[in-house]
Number of protein chains: 2
Amino acid sequence: MPRAGLSPAAVVDAALTIVDEQGPEALTLSAVATRTGVATPSLYKHVRNLEELRTLIARRVMEEMTELVGAAVMGRSGPDAVTALMRVWRRYAVDHPARYAAMPPAPLQHPALEESGRRLMEVVLAVLRGCGLEGEAVLHSARCLRAAVHGFAALEVAGGFGLPEDLDTTYRLMEQTIIDGLLPAN
Amino acid sequence: MPRAGLSPAAVVDAALTIVDEQGPEALTLSAVATRTGVATPSLYKHVRNLEELRTLIARRVMEEMTELVGAAVMGRSGPDAVTALMRVWRRYAVDHPARYAAMPPAPLQHPALEESGRRLMEVVLAVLRGCGLEGEAVLHSARCLRAAVHGFAALEVAGGFGLPEDLDTTYRLMEQTIIDGLLPAN
DNA sequence: GCTGAAAAGCTAAAGTGTTTAGCCTACGAG
DNA sequence: CTCGTAGGCTAAACACTTTAGCTTTTCAGC
C-alpha cells in the first residue's frame with residue numbers, strides 16, 4: 001500500500017478544513033484521519049496529540065491574522081490605521097468564524113505560541129505608537145482596543161447579536177468611540 | 001441502599017462546583033456522578049444529557065449575573081450607573097472565572113436561555129436609556145458596551161493580558177472611553 | 001398499616017474518541 | 001542493491017456518553 005504522504009503541515013491543513021466546515025467541536029483525530037485517508041493512530045507520527053494539533057492550528061490562525069492586519073495598516077497611520085486594523089480584524093472573524101474562535105486568548109502564556117502572539121501584538125502597538133501614544137499609555141490603549149475588537153468579533157461570530165439592527169452601524173460607532181477615547185486629540 | 005436524594009437543581013449545584021474548582025473542561029457526567037455519590041447513568045433521571053446540563057448551568061450563571069448587575073445599578077443613573085455596571089460585570093468574571101466562561105454568547109438564539117438572556121439585556125438597556133439614549137442608539141450603544149466589557153472580562157479571565165501593567169488602570173481607561181463615546185454629552 | 005405505582009437508583013453494554021505499543025514496509029541515501 | 005528510518009498499520013486499553021432494562025425506595029390513597 002502506497003503512503004499517504006502526510007506531514008505535520010498537511011495534518012494541520014486537513015484539521016483547518018474540518019474546523020472551517022464543521023466548527024471547532026468537530027475537530028477530532030478520527031475526523032482528521034478519515035479526511036487524510038489514514039488510520040487514526042498514524043496521525044501520531046506527525047502530531048504529538050490532539051492538544052498539540054490545536055496549538056498548531058492556533059499558530060496558523062495567528063500568523064494569518066498578523067499577515068492580514070499587517071497588510072491592512074501598511075501605508076496608513078493615525079486614526080486611519082486604527083480603523084483599518086479594526087475592520088480587518090472583524091473581517092477575518094466574519095470570514096472565518098471557526099478559525100477566529102480558535103485564536104488563543106493568551107498566546108503569550110504558551111511557549112509554542114508566544115512568538116506569534118508577540119508579533120501580532122507588536123503590530124497593534126506600532127499602530128498606536130504611530131498615533132502619538134507613548135509609554136504605558138500604549139499598552140493600556142492596546143488592551144482596550146483588543147478587548148473591544150475581540151469582544152465584538154467573538155460575539156458576532158457566535159451569533160450573539162440577535163436583534164436585526166445593522167451591525168455595521170454598531171461597529172462604526174465602536175470605531176469612533178475607540179478612536180476618540182484612546183488616541184490623543186489630533 | 002438509601003437514595004441519594006438528587007434533583008435537577010442538585011445536579012446543577014454539583015456541576016457548578018466542579019466547574020468552579022477544575023474548569024469547564026472538567027465537567028463530565030462521570031465527575032458529577034462521583035461527586036453526587038451516584039452511578040453515571042442515574043444522572044439521566046434528572047438531566048436529559050450533558051448538553052442540557054450545560055444549558056442549565058448557563059441559565060444559572062445568567063441569573064446570577066442579572067441579580068448582581070441589577071443590584072449594582074439600583075439607585076444609580078447616568079454615567080454613574082454605567083460605571084457600576086461595568087465594574088460589577090468584570091468583578092463577577094474575576095471572582096468566578098469558570099462560570100463566566102460558561103456564559104452563553106448568544107442566549108437569545110436558545111429557547112431555554114432566551115428569557116434569562118432577555119432579562120439581563122433589559123437591565124443594560126434600561127441603564128442606557130437612563131443616560132438619555134433613545135431609539136436605535138440604545139441598542140447600538142448596548143452592543144458596544146457589551147462587546148467591550150465582555151471582551152475585557154473574557155481576556156482577563158483567560159490570562160490574556162500577560163504583561164505586568166496594572167489592569168485596573170486599563171479598565172478605568174475603558175470605562176471612560178465607553179462613557180465618553182456612547183453617552184450623549186452631559 | 002398496606003399496597004401499588006412512580007420515581008430514582010442500579011448494572012450491562014454499545015458507541016465514539018484518544019492514546020500507547022508493537023509490527024511491517026515503502027523508499028531514499030549511500 | 002541494501003538497509004535504516006519514517007510512515008503507515010492493527011490491536012488494545014482507557015475514558016466518557018448514552019440507552020435499555022431491572023430493582024427498590026418512597027409515599028399517596030385507601
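Throughout, a chain's letter reflects where its sequence line sits, starting with A, and its residues are numbered from 1. Remember, predicted model here, so these are calculated numbers, not experimental data.
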Distances for protein N or O near nucleotides 18-20 of chain C N or O, under 3.5 Å:
residue	atom	partner	partner atom	Å
C/dT18	OP1	A/Leu29	N	3.1
C/dT18	OP2	A/Leu29	N	3.1
C/dT18	OP2	A/Ser30	N	3.0
C/dT19	OP2	A/Tyr44	OH	3.0
C/dT19	OP2	A/Leu50	N	2.9
C/dT19	O5'	A/Tyr44	OH	3.3

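For the pair B/His46 and C/dG9, the criterion of a side-chain N or O lying under 4.0 Å from OP1 or OP2 is met. Here A/Ser42 does not reach the OP1 or OP2 of D/dG7: none of its side-chain N or O atoms lies under 4.0 Å away.
Axis deviation across the helix from C/dG1-D/dC30 to C/dG30-D/dC1 amounts to 10°, comparing end segments of five pairs, rounded to 10 degrees.
In this structure, B/Glu115 places its CD atom where only 12 or fewer heavy-atom neighbours from other residues, nucleotides or ligands lie under 6.0 Å away. By the 6.0 Å contact criterion, CD on A/Glu25 is enclosed, its count of non-hydrogen atoms from other residues, nucleotides or ligands being greater than 12. Crowding of B/Glu165 atom CD: a count of heavy atoms from other residues, nucleotides or ligands under 6.0 Å exceeding 12. Residue A/Glu63 qualifies as enclosed at atom CD: its count of foreign heavy atoms under 6.0 Å is above 12. For A/Glu134, the CD atom is loosely surrounded, since the number of other residues' heavy atoms within 6.0 Å does not exceed 12.
Distance, A/Leu53 CG to C/dG17 C1': 14 Å, rounded to whole Å. Atom CD1 of B/Ile18 and atom C1' of D/dC16 are 13 Å apart (whole Å). Atom CG of A/Leu6 and atom P of C/dA26 are 17 Å apart (whole Å). When rounded to the nearest whole Å, the span between NZ of B/Lys45 and P of D/dT25 equals 15 Å.
Looking at B/Pro79, B/Cys144, B/Cys131 one by one, the single match for side chain to side chain contact (heavy atoms under 4.5 Å, CB included) with B/Leu182 turns out to be B/Cys144.
In this structure, A/Glu122 pairs ionically with A/Arg129, as a charged nitrogen and a carboxylate oxygen lie closer than 4.0 Å.
In this structure, A/Tyr171 contributes its side chain and A/Phe152 its backbone to no donor-acceptor pair below 3.5 Å.
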